[in-house]
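Structure record follows, encoded as structure tokens.
Note that the structure is predicted; figures quoted are calculated from it, not measured. Both ligands and their constituent atoms are indexed starting at 1 by order of listing.
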Amino acid sequence: MPLLVAPALPAGSLGAQEQPHLPVRPGLTLRPWRDDDATAVRVAFDCPAIQRWHVRRLDGDDEARAWTAQWAGRWRAETAASWAIVDADDRPVGQVGLRDVLLTEASAQVSYWLVPAARGRGIATDALGAVTRWSFTRAGLHRLALEHSTANAASCRVATRAGFTVEGVLRESVRHADGWHDMHLHARLATGSVAHTP
Ligand SMILES: CC(C)(COP(=O)(O)OP(=O)(O)OC[C@H]1O[C@@H](n2cnc3c(N)ncnc32)[C@H](O)[C@@H]1OP(=O)(O)O)[C@@H](O)C(=O)NCCC(=O)NCCS
């Protein structure tokens, strides 16, 4: 059955280009992950809050290396993108990226975490802003969605400050270690159109 609309973005829109380095603010940059970031990723996943909200842990250096290595293939496959948020010494302090990329709909879901020492300084908000700008102005995406547990107040602040308006609550849609969580659905559109408060 032929589709009645063409894909919003053609295949190759992401994967045919090198994953870019993106400026965030002085002393902070987004760059693709490298093998030698594995130790930093392993330490980051020791954080109980990262384990809690991303619902996974990371056991040892081999898993950490597999984690950093997966992103090049997912970029080429145009299904996901992840950037290391690095400080002025090129050390990772967090992650920001796109999941569930759908070129046909020019849409994706955003994801982020920071190591504990980097929190509370607006870094997640600014890193998300950098990915959002690139997604809309360079990658041609149309809609970015963001979901977080309604119990994750810090993530809700990041979403709101980065211009992702709330579209609703997805009731008991994601299982966490302590059971089902309601999720806030936020989104931002390339057009700048803002959702009406549900
Ligand atoms: C969510 C997270 C990325 C926020 O990073 P951050 O750089 O500290 O965020 P910012 O400094 O931009 O802003 C955080 C806001 O949340 C608030 N906040 C921080 N911790 C909070 C908490 N435990 N409860 C309520 N609010 C909190 C801050 O006061 C700030 O509010 P403000 O905008 O009114 O000043 C970081 O806490 C984190 O990595 N958490 C664990 C992983 C995670 O939750 N990932 C997101 C999954 S959806």
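The shortest contact between atom 44 (O) of ligand 1 and any protein heavy atom is with Asn152 ND2, 2.8 Å. For atom 48 (S) of ligand 1, the closest heavy atom belonging to the protein is Ser155 OG, 3.2 Å. Considering only non-hydrogen protein atoms, atom 8 (O) of ligand 1 sits nearest to Gly120 N, 2.7 Å. Scanning all protein heavy atoms for the shortest distance to atom 12 (O) of ligand 1 gives Thr125 OG1, 2.7 Å. Scanning the protein heavy atoms around atom 18 (N) of ligand 1, the nearest turns out to be Ala154 CB, 3.6 Å. In terms of protein heavy atoms, atom 24 (N) of ligand 1 is closest to Ala153 CB, 3.8 Å. Of the protein's non-hydrogen atoms, the one nearest atom 41 (C) of ligand 1 is Arg119 NH2, 3.8 Å. At the top of the distance list for atom 9 (O) of ligand 1, counting protein heavy atoms only, stands Val158 CG2, 3.5 Å.
Not close to ligand 1: Arg52, with no non-hydrogen atom less than 4.0 angstrom away.
The side chain of Arg157, and not its backbone, has at least one atom closer than 4.0 Å to an atom of ligand 1 (non-hydrogen atoms only; side chain from C-beta on). Residue contacts with ligand 1 for His54 involve side-chain atoms from C-beta outward but no N, CA, C or O (heavy atoms, distance under 4.0 Å). Residue-level proximity to ligand 1 for Leu114 is carried by backbone and side chain together, each with a heavy atom below 4.0 angstrom. No part of Leu146 comes within 4.0 Å of ligand 1, judged by heavy-atom distances. Looking at Arg161 against ligand 1, only its side chain comes within 4.0 Å, counting heavy atoms.
Near Ile123, meaning under 4.0 Å from one of its heavy atoms, ligand 1 places the atoms 7 (O). Of all atoms in ligand 1, listed by their number and element, those nearer than 4.0 Å to a heavy atom of Arg121 are 11 (O). The contact set between ligand 1 and His148, taken as ligand atoms under 4.0 Å from a residue heavy atom, comprises 48 (S). The Glu147 neighbourhood of ligand 1 comprises atoms 48 (S), with distances under 4.0 Å to a heavy atom of that residue.
Looking at Glu78, its side chain does come within 3.5 Å of a backbone N or O of Gly15 through a donor-acceptor pair.
Under the 4.5 Å side-chain heavy-atom criterion for grouping Ile, Leu, Val, Met, Phe, Trp and Tyr, Leu22 is connected to Leu144 within one hydrophobic cluster. Hydrophobic clustering of Ile, Leu, Val, Met, Phe, Trp and Tyr side chains at less than 4.5 Å, counting indirect connections, keeps Leu114 apart from Trp53. Leu28 and Leu30 end up in the same hydrophobic cluster when Ile, Leu, Val, Met, Phe, Trp and Tyr side chains are linked at under 4.5 Å.
Side chains of Ser149 and His181: a donor-acceptor N/O pair is present below 3.5 angstrom, by distance only.
The protein does not reach atom 29 (O) of ligand 1 closely, with no heavy atom under 4.0 angstrom from it. Shown here, atom 16 (O) of ligand 1 is in close reach of the protein: a heavy atom of it lies under 4.0 Å off. Protein heavy atoms come within 4.0 Å of atom 46 (C) of ligand 1. Inside a 4.0 Å radius of atom 36 (C) of ligand 1 there is at least one protein heavy atom.
Scanning all heavy atoms of the two residues, the minimum distance from His184 to Cys156 falls at ND1-SG, 3.5 Å. The shortest non-hydrogen separation linking Trp33 to Thr68 is CB-O, 4.0 Å. Shortest non-hydrogen contact noted between Trp75 and Gln19 is CZ2-CA, 3.5 Å. When all heavy atoms are compared, the tightest approach of Thr125 to Ala162 is CG2-N, 4.0 Å. The two residues Asp87 and Asp89 make their nearest non-hydrogen contact at OD1-N, 2.9 Å. Closest heavy-atom contact between Leu103 and Gly12: CD1-N, 4.3 Å.
Here the two rings, on Trp83 and His21, have centers that are 6.0 Å apart or farther.
Under the 4.5 Å side-chain criterion, counting only non-hydrogen atoms from C-beta, Trp67 is not in contact with Arg56. Using a 4.5 Å cut-off on side-chain heavy atoms (C-beta onward), Ser82 and Arg99 make contact. In this structure, the side chains of Arg188 and Ser135 stay at 4.5 Å or more apart for every pair of heavy atoms.
Nearest residue to atom 3 (C) of ligand 1 from Ser111, Ala151, Ala124 is Ala124 (criterion: closest heavy atom).
Any N or O atom pair closer than 3.5 Å counts here, and Tyr112 shares at least one such pair with ligand 1. Any N or O atom pair closer than 3.5 Å counts here, and Gly122 shares at least one such pair with ligand 1.
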